[in-house]
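Take a look at the structure set out below.
Numbered from 1 within each chain, the chains take letters A, B, ... in sequence-line order.
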Number of protein chains: 2
Amino acid sequence: MSQSDRTPRVRLVDVARAAGVSKTTVSDALNGAGRLPAATREHVQKVARSLGYRPNAAARLLRAGHTRLLGVAAREYVETPWVYADLAYFSQIVTATTQAALAHGYGVVLLPTYGPDDCWLDIPLDGVFVIDPVEGDPMVRDFLAAGVPVVSDRRALAEVAGEARAAGGWVDFDYDAAVRQVLDHLEEAGAERIAVVAGATTACYHQQSVRAYHDWCAERGHDPRIVCLPAPGVEQTLQAVTELLAAPVPPDALFTLVELSTPLLLDTIRRLGRSVPGDLLLVCATEDPAAPYTDPPISTLGFLPGETAQAAVDLLVDRLEGRDGDPGRLFSAGFQVRASSAPKSSLKRPGH
Amino acid sequence: MSQSDRTPRVRLVDVARAAGVSKTTVSDALNGAGRLPAATREHVQKVARSLGYRPNAAARLLRAGHTRLLGVAAREYVETPWVYADLAYFSQIVTATTQAALAHGYGVVLLPTYGPDDCWLDIPLDGVFVIDPVEGDPMVRDFLAAGVPVVSDRRALAEVAGEARAAGGWVDFDYDAAVRQVLDHLEEAGAERIAVVAGATTACYHQQSVRAYHDWCAERGHDPRIVCLPAPGVEQTLQAVTELLAAPVPPDALFTLVELSTPLLLDTIRRLGRSVPGDLLLVCATEDPAAPYTDPPISTLGFLPGETAQAAVDLLVDRLEGRDGDPGRLFSAGFQVRASSAPKSSLKRPGH
DNA sequence: TTGAAAGCGTTACCAT
DNA sequence: ATGGTAACGCTTTCAA
């Protein structure tokens, strides 16, 4: 059905007939292959053009055995009809994946995160990049079982028994180290009561960072001050911040692990009567490009979407093209310290 | 090559042989078709599972004659290796397109905006949504020539001689009306010198809105106050604003047509010593979810990425599945008036 | 130099 | 109830 019943597409044989040659000749003439006399080649090309011939992509795929198509899936909100591009982090991942893939001559397919079981297997993909897989991710399992190389984090791949090495590669993020780095920094800067706003999803990013915070607190005998949001949203996020700051003994530092507009967060904190960094040290895990331009500039923890995507695609393409590169790469976050988390001591002692 | 040389994929015939039945039986058993005894079906399914059989997507595509894949391309920065997902508008379009496509059982492919000529034709697509085409867009032309239905704006489709109706549909935006609506609103609110920050790209969004502003000014004998940015970027945008506000006779209203963080813009204006809306009325064409939460809330012109994408996909799917729906849909922007562009008069006269 | 024919892996038709 | 066979549109090997 579809367009074919309206305009019966011009096929290779049609061109061949019209040009008075065989299919082989047409194929060779159009693909630059073979050793044809220039005259024949040009003639065929002219006929093909005049007929509006376009090769059928699906047939080529079948013949070629590969599709030059890479899938990318962000699993953060697997259970909901949410789509990743709403978050700056995923947008940037998708952007970077697309660019990297293109550079290798591959296209990118956005994979559905929900829907009928293994519906994703109907898409002809050479490889897949699964970002932030959930525990025992069925998507990872399915693709691996189907023999489609997957790049994801180490743990997700390991769950599928040793096939990881052969079937793809991993791009892992040391969320634990990243979170601890920030918490340590805040503590050194004089913070004693660090509050956190995080997400409550099943994605390993949230799971692991929340756990890291709890562990860090436990090690010091601190009570965790954390709000976990089930979904992103300006209002809910600001509400969470308001709640945390309203505690009887208010926090003296805030670390956000959810997407939000950093200048807006700053405004909100001010409207609540706190100054940054005077009353409240602030660090945001975000890719918001506005962060360096606020007053004061905001310290950020960035998860390097660009680098991550680049590495994932490189890994995937290496496997696909038979090169045996690294088994994987471990990333740690990019922590940019700015004025919003300047040590309290530096305020008390003028000079440096 | 690729994975096939490592793990020679299990094919339908392999399952058939292993199960001691024919290809047909396997196909029927797995696809629920045919009238097989439950015993046979279960047996085949078990064998298939144990062998890890997965149907070859490319072969199915060829057989089916359609791919259930929709392409989406944002043409704003065609000439550069830019990718659209960096801008909230495109992110939201892509998100919404993906959701709408999924709802119809279609997947989405992100199309390269540059690269070797007609490289996009190698991707097996049932239809394409081209956002903000450039003049005489080659991508639109190629797909139409290849018989792939395209949804884009009316003008782009019309350039390819009448095929529009048969080959796709249009989703047009009345940028002119939208821009005028904002300018009129600002004028009514008391603005006499309206400055504009826009983009300098070839996308019809920028082209048309800039032209609308110039026309509007010409009709009133005003001198245009406009800065056109060749590329997005926090720094350049704020720089442009600073420049405009530094004019000897400064503007009393600002209308931005480029992506940016609205709270940050507000801060910047304040740091330049102007108050909003007291000294400067402000309207931003943006999808920034922070806009309603700033102080004062910012008036926005939204280009309805969600609705647009939804309509485009519906149109495309209607064509693909042989339904003759609307030829197209004309959208006008969603103008949300908030405090940042409140009439100056209302400040002077207390009460309402 | 050119063409015929054999696949690629699936599904659908028709015969058994 | 099941199996053989053709067809989807292309590329490629091999023979002429």
Side-chain angles (χ1 to χ4, degrees), chain A residues 1-5 7-17 19-44 48 51-68 121-124 126 146-148, chain B residues 1-5 7-44 47-48 51-68 121-124 126 146-148:
Chain A
M1 45 176 82
S2 79
Q3 75 272 25
S4 50
D5 47 19
T7 315
R9 283 281 306 271
V10 183
R11 294 158 312 163
L12 190 62
V13 295
D14 300 324
V15 178
R17 254 195 293 272
V21 294
S22 78
K23 297 200 300 176
T24 313
T25 308
V26 176
S27 180
D28 285 350
L30 263 33
N31 295 331
R35 45 290 106 157
L36 308 185
T40 314
R41 173 156 309 177
E42 278 163 29
H43 174 232
V44 171
L51 257 49
Y53 167 72
R54 294 295 170 169
N56 177 304
R60 292 186 127 174
L61 259 39
L62 176 58
R63 190 61 246 243
H66 61 248
T67 63
R68 306 261 120 147
L121 287 174
D122 287 338
I123 304 176
D126 278 355
V148 178
Chain B
M1 45 178 79
S2 81
Q3 75 271 24
S4 50
D5 47 17
T7 316
R9 283 280 307 271
V10 183
R11 294 159 309 162
L12 190 63
V13 291
D14 299 324
V15 178
R17 252 195 293 272
V21 295
S22 79
K23 297 199 299 177
T24 311
T25 307
V26 177
S27 181
D28 285 350
L30 263 34
N31 295 332
R35 46 288 111 150
L36 307 185
T40 314
R41 172 156 310 176
E42 279 163 28
H43 174 234
V44 171
V47 173
L51 256 50
Y53 166 73
R54 294 295 170 169
N56 177 304
R60 291 187 129 172
L61 259 38
L62 176 58
R63 188 61 248 240
H66 60 249
T67 63
R68 306 262 124 152
L121 288 174
D122 287 339
I123 304 176
D126 279 355
V148 178

Exercise. Drop me the distance from B:Leu62's CG to A:Asn56's CG, to the nearest 0.5 angstrom.
Key: 6.5 Å
Practice problem: Could you check A:Leu12 against B:Gly20 and say which one's nearest nucleotide on DNA chain D is further toward the 5' end? | Solution: B:Gly20
Self-check item: Euclidean distance, atom CZ of residue B:Arg68 to atom P of C:dT10 [Å, nearest integer]
Solution: 19 Å
Quiz item: Could you state the interatomic distance from NZ (B:Lys23) to CZ (B:Arg11), rounded to the nearest 0.5 Å?
Solution: 9.5 Å
Exercise. Nearest whole angstrom, please: distance from the P of D:dC8 to the NZ of B:Lys23.
Key: 15 Å
Exercise. Remember a base hit wins even if backbone is also touched, and classify A:Arg60 as base, sugar-phosphate or nothing at under 4.0 Å, heavy atoms.
Key: sugar-phosphate
Quiz item: What is the distance from atom CG of A:Asp122 to atom CZ of B:Arg68, rounded to the nearest 0.5 Å?
Solution: 10.0 Å
Quiz item: Once you round it to whole Å, what is the distance between C1' of D:dC10 and CZ of A:Arg11?
Solution: 12 Å
Quiz item: Roughly how far, to the nearest 0.5 Å, is CG of B:Leu12 from CZ of B:Arg54?
Solution: 14.0 Å
Practice problem: Decide yes or no, distance alone: a donor-acceptor N/O pair under 3.5 angstrom between the base of C:dT1 and the side-chain of A:Thr40. | Solution: no
Quiz item: With respect to the side chain of B:Asn56, which nucleotide from C:dT11, C:dG3, C:dG9 is positioned closest?
Solution: C:dG9
Exercise. In whole angstrom, give the distance that lies between atom CZ of B:Arg41 and atom C1' of D:dA1.
Key: 12 Å
Exercise. Mind checking A:Thr25 for me? I need base, sugar-phosphate or nothing, with any heavy atom below 4.0 Å counting as a touch.
Key: sugar-phosphate
Self-check item: Atom-to-atom span, CG of A:Leu121 to C1' of C:dG9 - whole angstrom
Solution: 16 Å
Exercise. Give a yes-or-no answer on whether the side chains of B:Ser27 and B:Thr24 include a donor-acceptor pair shorter than 3.5 Å.
Key: no
Exercise. Starting from P on C:dC8, measure out to NE2 on A:His66 and report it in whole angstrom.
Key: 16 Å
Quiz item: Which whole-number value in Å describes the distance from A:Asp28 CG to D:dC14 P?
Solution: 15 Å
Practice problem: State which of D:dG9, C:dA5, C:dT11 makes the closest approach to the side chain of A:Thr24. | Solution: C:dA5
Exercise. Please check the phosphate of D:dG9 (OP1 and OP2 only) for any side-chain N or O of A:Tyr53 closer than 4.0 Å.
Key: no
Quiz item: Out of D:dT2, C:dC8, D:dC10, which nucleotide sits closest to the side chain of A:Leu62?
Solution: C:dC8
Quiz item: Is there a side-chain polar atom (N or O) of A:Ser22 under 4.0 Å from OP1 or OP2 of C:dA4?
Solution: no
Quiz item: What integer distance in Å separates B:Arg63:CZ from D:dC10:C1'?
Solution: 15 Å
